Each structure stands twice: as C-alpha cells, then as structure tokens.
Enquirer: 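Before I ask anything, here is the structure I am working with.
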Amino acid sequence: MSLKKALLTSAVSFGLTAGIAAADSHATTITIATVNNGDMITMQGLMDDFNEKHPDITVEWVTLEENVLRQNVTTDISTGGGAYDILTIGTYEVPIWGNNGWLVSLNDLPADYEVDDLIPAIRGGLSVDGELYAAPFYGESSFTMYRKDLMEAAGLEMPEAPTWEFIREAAAAMTDRDNEINGICARGKAGWGENMALLTAMSNSFGARWFDEDWNAQFDTEAWANTIDFYLGMMEESGPAGAANNGFNENLTLFQQGKCGIWIDATSAGQFVVNDDSTVADQVGFALAPDTGLGKRGNWLWAWSLAIPTSSQKQDAAKTFINWATGPAYSALVAESKGWVAVPPGTRTSLYENENYLSAAPFAAMTVESMGTADPTDPTVDPVPYTGVQFVAIPEFAGIATQVGQQISSALAGQQSGADALAASQEITVEEMEAAGY
C-alpha cells in the first residue's frame with residue numbers, strides 16, 4: 001500500500017471513529033431503579049426493541065430486592081439526591097410524593113399512550129387532583145393459588161370464595177413434610193410491603209384496622225390478636241421452615257418447585273406459577289383471597305409503576321422510556337417474545353377484552369374480580385380515617401409498618417410470642433404517631 005493510500009485509509013478510519021464517538025457523546029443516559037420481580041426482569045430482556053427505536057437513549061439499570069429498593073429510592077427522593085431518572089414505586093408512594101411536588105406530571109404523554117385505557121382504579125391511585133404522576137407497569141390484587149392435585153388427594157374442593165378456616169384446614173390436610181410439601185406458603189419476611197402487605201389485608205378480613213377514627217393505634221384489640229394468632233398457628237402447622245425469611249420471590253420459588261399446597265399472594269404471580277419454570281403448571285387453580293364472613297376479603301390493590309423524580313435532568317428521555325415500557329404496544333411485544341400469558345397484568349382495560357390473553361391466562365378472570373373487590377376508600381369492617389387496603393396512606397406508615405413487620409416476623413421465627421409482638425407494635429405505633437403530631 002502506498003503512503004498516500006495508507007494515510008487516506010487512516011483518515012477515513014479516524015473520521016468514522018470520531019463520528020461514532022461524536023454520536024455517542026450526544027446520547028442521553030438515564031438510570032432506572034427497579035425491583036427484581038419477574039415482569040421487570042422480562043422488560044430488561046426486551047431492551048433491544050427500545051434501543052433500536054431510540055438509539056439516542058442509553059439505559060442503565062439498578063435492580064434491587066423489594067425492601068432495599070423502597071429504602072433506596074425513598075432516601076434519594078426525599079433528599080433530592082438525583083441518582084435516578086426513573087423510579088419503580090407503588091400506589092402507596094405516588095399520591096404522597098406527587099402531593100409533595102417530588103414527581104413529574106405525566107399528563108403530557110403522547111396520544112398513542114392511550115391513557116384512557118388504564119383501569120380507572122389503577123389510574124386513580126396514581127393521580128393527584130387529576131394529574132398522573134406514575135405510569136403503571138403492572139397492577140395487582142391478591143388471591144389464592146393452590147395445587148388441584150393435592151386438594152383432590154386431601155378429599156377437598158377449593159371454593160371460589162374460601163374462608164380462612166377452610167384454607168387452614170386444607171393446608172393441614174395437604175402438608176407432607178417428609179416429602180417437602182408445605183400446605184401453606186405466605187409472606188413472613190419483615191417489611192411494610194412484604195409481610196405487612198399480607199397481614200394488613202388479612203387483618204381487614206378479621207375486622208381489624210390500624211387506627212380508629214381518632215387515629216388511635218389498634219394493635220391491642222381482639223381483632224388483631226385473632227389475626228396474628230391465626231396466622232402464626234397456621235404457619236406453624238403447615239408452613240415451610242424458615243418462613244420468617246420468605247417474601248414474594250422466595251414463596252414463588254417454593255410454589256414453582258411443588259413445595260406449596262396453597263399460596264396466598266399477588267395476582268401478578270399467576271403467570272409465573274403456570275409458565276415453563278413451574279413444575280406444577282398444569283395443576284394450579286385460582287380462588288379469591290379468603291375472608292371470615294365479615295364482609296372484607298384479605299386482598300389488596302397495588303400497581304408497580306414508573307415515575308420520574310423532579311430531580312432528574314433528563315425528563316424527556318425518561319418519558320420516552322415510560323411511554324415504551326407502559327404503553328399499549330408493550331403488551332404485543334411481550335406476547336410476541338414470551339406468549340400472551342407473560343403480558344404484565346392489571347393495568348389496561350383492553351387487555352381483559354383481548355381473547356388471545358383471556359384464553360392464555362387462566363388467572364385473568366380471577367385477577368379482575370380480585371382487583372374489583374378491593375376498595376382503598378373503604379378497606380375495613382369498621383370506619384377508619386385513612387385510605388389504602390394493605391397500607392395506610394400517610395407518610396409515617398412506611399417507617400412504622402417496617403418496625404411492626406419486624407416484630408411479627410420475629411414472632412413467626414419463634415423469638416417471641418404473638419402477644420408480645422402486638423404489644424411492642426402498639427407501643428411503637430403510639431410513639432411514632434404522637435411524634436408525628438397525630
């Protein structure tokens with residue numbers, strides 16, 4: 001090669017490299033904090049589609065365990081840290097943070113987002129005074145998942161609307177610890193969004209409440225004693241070893257491995273107990289969350305959602321991502337890649353009008369019914385001054401419920417009695433609420 005040709009080739013090569021570098025230097029990088037749940041992992045696996053459509057936006061992920069995520073993003077947004085451009089948060093945080101001016105309004109999402117297609121209860125829970133402050137990635141209530149083969153072997157039939165007494169009876173009949181089969185799996189891991197989500201919803205069905213109408217703590221009542229005594233007794237009889245360490249993901253794994261007869265948890269788990277990862281996929285049945293005949297079921301209402309903190313300097317790019325990840329086209333993308341059963345549930349009315357989805361998802365009808373019976377404005381048997389089914393929609397709740405969750409998890413682990421856990425919970429709640437000025 002001549003010197004002239006070599007220099008020309010080198011110059012062209014340098015020019016191309018410089019052009020690529022210049023293009024890269026203009027790319028916007030956004031950082032997303034998210035939870036390590038299955039639907040979020042699926043989203044990360046589909047990023048090639050987003051990257052192809054938006055080569056000018058680079059996405060960095062921070063994927064965390066549920067309790068850690070909540071603590072991390074709460075600290076960041078309350079201090080204005082600005083570490084993230086998109087937060088994965090839920091129905092509890094959005095109204096409080098939106099009202100505080102900490103979140104960016106999403107009312108200007110493009111027309112193809114089809115905001116009116118969002119399920120009204122989910123959209124309402126993510127709005128403040130008509131402003132949408134988070135876009136739901138998936139919505140959920142809770143219901144009962146069970147092994148039909150074990151139920152049949154026990155000589156029982158699961159009602160569509162079971163009672164807690166029936167659940168306990170069936171769990172005991174299914175339990176076969178010699179073969180690593182636990183009759184019941186339920187959350188025991190401490191956390192306001194882990195064991196306290198289950199126990200708060202469960203307590204509603206037992207006639208309990210966090211506060212009376214004058215904001216007096218209620219853990220010293222008979223209704224709470226009945227809730228915790230029942231929970232601890234059922235878990236001792238029929239629950240797995242180490243249940244105090246088990247949250248949503250741990251119980252999901254146990255159920256998929258055939259080690260749970262009954263699992264009461266989020267409706268969003270439906271796809272994961274009937275997919276290829278589940279060894280019992282062809283034996284799973286679904287029923288409503290249990291009750292005690294008092295008019296309230298132990299089910300909740302929640303949406304894991306994507307929101308933009310006002311501290312983000314890349315809000316336009318963040319909105320572009322949110323439109324992609326939670327817009328109507330995302331369902332078709334998941335269906336094409338993973339099948340209709342894997343589409344994130346509980347956010348759009350159109351999904352539950354789609355015959356492809358309804359025929360693929362045996363849990364779809366029960367999901368809609370469960371979500372429809374959870375009323376955040378009327379969560380308890382007796383009147384309360386708060387909204388929220390599995391949480392109390394006040395800023396102090398997360399801190400108080402985290403401490404209460406630790407007390408009850410300790411009782412489940414056998415480190416104290418249920419009565420002592422409730423006494424400590426009452427003391428904690430009274431002290432914290434008085435300090436907050438209630």
Side-chain angles (χ1 to χ4, degrees), residues 35 37 39 66-67 70 88-96 119-126 134 136-145 161-162 164 167 185-211 224 227 231 247-249 251-252 262-270 286-292 294-305 344-347 363 366-381 384 386-394 397-398 400-402 404-405 408:
V35 65
N37 289 350
D39 283 304
E66 189 169 315
N67 285 340
R70 288 188 164 113
T88 304
I89 57 178
T91 313
Y92 165 68
E93 296 97 341
V94 175
I96 297 171
I119 292 173
I122 296 297
R123 179 179 175 182
L126 302 176
F137 185 69
Y138 67 83
E140 64 183 35
S141 183
S142 53
F143 59 8
T144 302
M145 296 161 276
W164 280 108
I167 292 294
C185 287
R187 298 187 189 192
K189 180 187 289 186
W192 72 262
E194 281 281 12
N195 65 341
M196 291 314 298
L198 171 75
L199 289 166
T200 299
M202 182 178 178
S203 75
N204 294 340
S205 68
F206 276 78
R209 50 187 176 168
W210 269 78
F211 304 101
W224 264 108
T227 304
Y231 167 75
F248 173 85
N249 283 323
N251 284 318
L252 171 59
I262 299 170
W263 180 30
I264 298 166
D265 213 300
T267 56
S268 59
F286 303 93
L288 294 173
D291 71 356
T292 64
L294 296 178
K296 297 295 178 182
R297 294 202 163 271
N299 58 315
W300 62 68
L301 188 66
W302 182 258
W304 276 118
S305 306
T347 64
F363 48 84
M366 195 59 69
T367 295
V368 171
E369 187 172 354
S370 297
M371 291 179 70
T373 59
D375 184 356
T377 67
D378 184 25
T380 54
V381 174
V384 291
Y386 55 84
T387 60
V389 182
Q390 79 279 27
F391 57 82
V392 176
I394 58 173
F397 175 78
I400 296 171
T402 295
V404 172
I408 298 175

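Quick caveat: nothing in here was measured; it's all calculated off a predicted structure.
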Enquirer: Donor-acceptor check, side chain of Asn251 to backbone of Cys185, threshold 3.5 angstrom: yes or no?
Expert: no

Enquirer: Rounded to the nearest 0.5 Å, how far apart are CG of Asn195 and CE of Met202?
Expert: 12.0 Å

Enquirer: Check whether any side-chain heavy atom of Asp265 lies under 4.5 Å from a side-chain heavy atom of Leu198, and answer yes or no.
Expert: no

Enquirer: Check whether any side-chain N or O of Trp224 sits under 3.5 Å from a backbone N or O of Arg209 as a donor-acceptor pair, and report yes or no.
Expert: yes

Enquirer: Would a 4.5 Å heavy-atom cut-off, applied to side chains only, mark Trp263 and Phe248 as touching?
Expert: yes

Enquirer: Counting C-beta onward and ignoring hydrogens, is there a side-chain heavy-atom pair between Trp192 and Thr200 closer than 4.5 Å?
Expert: no

Enquirer: What distance separates Trp304 CH2 from Ile89 CD1, expressed to the nearest 0.5 Å?
Expert: 9.0 Å

Enquirer: Looking at Pro162, is its backbone amide N or carbonyl O close enough to the side chain of Arg297 to form a donor-acceptor pair, meaning the two atoms are under 3.5 Å apart?
Expert: yes

Enquirer: Please verify the inter-ring angle class for Phe397 with Trp210; under 30° counts as parallel, over 60° as perpendicular, anything in between as tilted.
Expert: perpendicular

Enquirer: Is the backbone of Val389 close enough, under 3.5 Å, to the side chain of Asn204 for a donor and an acceptor to pair up by distance?
Expert: yes

Enquirer: Check whether any side-chain heavy atom of Phe137 lies under 4.5 Å from a side-chain heavy atom of Thr88, and answer yes or no.
Expert: no

Enquirer: Any donor-acceptor pair under 3.5 Å linking the side chain of Tyr138 with the backbone of Ser305?
Expert: no

Enquirer: Enter the distance from Thr267:OG1 to Met371:CE here, rounded to the nearest 0.5 Å.
Expert: 6.5 Å

Enquirer: Mind checking whether Thr227 and Trp164 have side chains closer than 4.5 Å, heavy atoms only?
Expert: no

Enquirer: Using only atom types and a distance under 3.5 Å, with no angle test, would you say the side chain of Asn299 pairs donor to acceptor with the backbone of Leu288?
Expert: no

Enquirer: Got a donor-acceptor contact below 3.5 angstrom from the Ser142 side chain to the Trp300 backbone?
Expert: yes

Enquirer: Output all residues satisfying salt bridge (Lys or Arg N to Asp or Glu O under 4.0 Å) with Asp378, sequence neighbours left out; order by chain, then residue number.
Expert: Lys296

Enquirer: Calculate, to the nearest 0.5 Å, the distance between atoms OG1 and CZ belonging to Thr292 and Phe206 respectively.
Expert: 6.0 Å

Enquirer: Using side-chain heavy atoms (C-beta onward) and a distance below 4.5 Å, is Tyr386 in contact with Phe391?
Expert: no

Enquirer: Please examine the side chains of Asn249 and Glu66, heavy atoms only from C-beta on, and report whether any two atoms are closer than 4.5 Å.
Expert: no

Enquirer: Under the ring-ring contact (aromatic ring centres under 6.0 Å, His included) rule, collect the residues that match up with Phe143, sequence neighbours excluded.
Expert: Phe286

Enquirer: From Ile264 CD1 over to Met145 CE, what is the distance, rounded to the nearest 0.5 angstrom?
Expert: 8.5 Å

Enquirer: Ignoring hydrogens, what is the shortest heavy-atom contact between Ala190 and Asn67? Give both atom names and the distance.
Expert: O-ND2, 2.9 Å

Enquirer: Taking C-beta and beyond as the side chain, do Leu301 and Asp375 meet within less than 4.5 Å on heavy atoms?
Expert: no

Enquirer: Closer than 3.5 angstrom, by distance alone: can the side chain of Thr387 be matched with the main-chain N or O of Pro376 as a donor-acceptor pair?
Expert: no

Enquirer: If you look at every heavy atom in Gly298 and Ser205, which pair is closest and at what distance?
Expert: N-CB, 3.8 Å

Enquirer: Between the side chain of Arg187 and the main-chain N/O of Leu199, is any donor-acceptor distance below 3.5 Å?
Expert: no

Enquirer: Which heavy atom in Gly247 sits nearest to a heavy atom in Lys189, and how many Å separate them?
Expert: N-CB, 3.8 Å

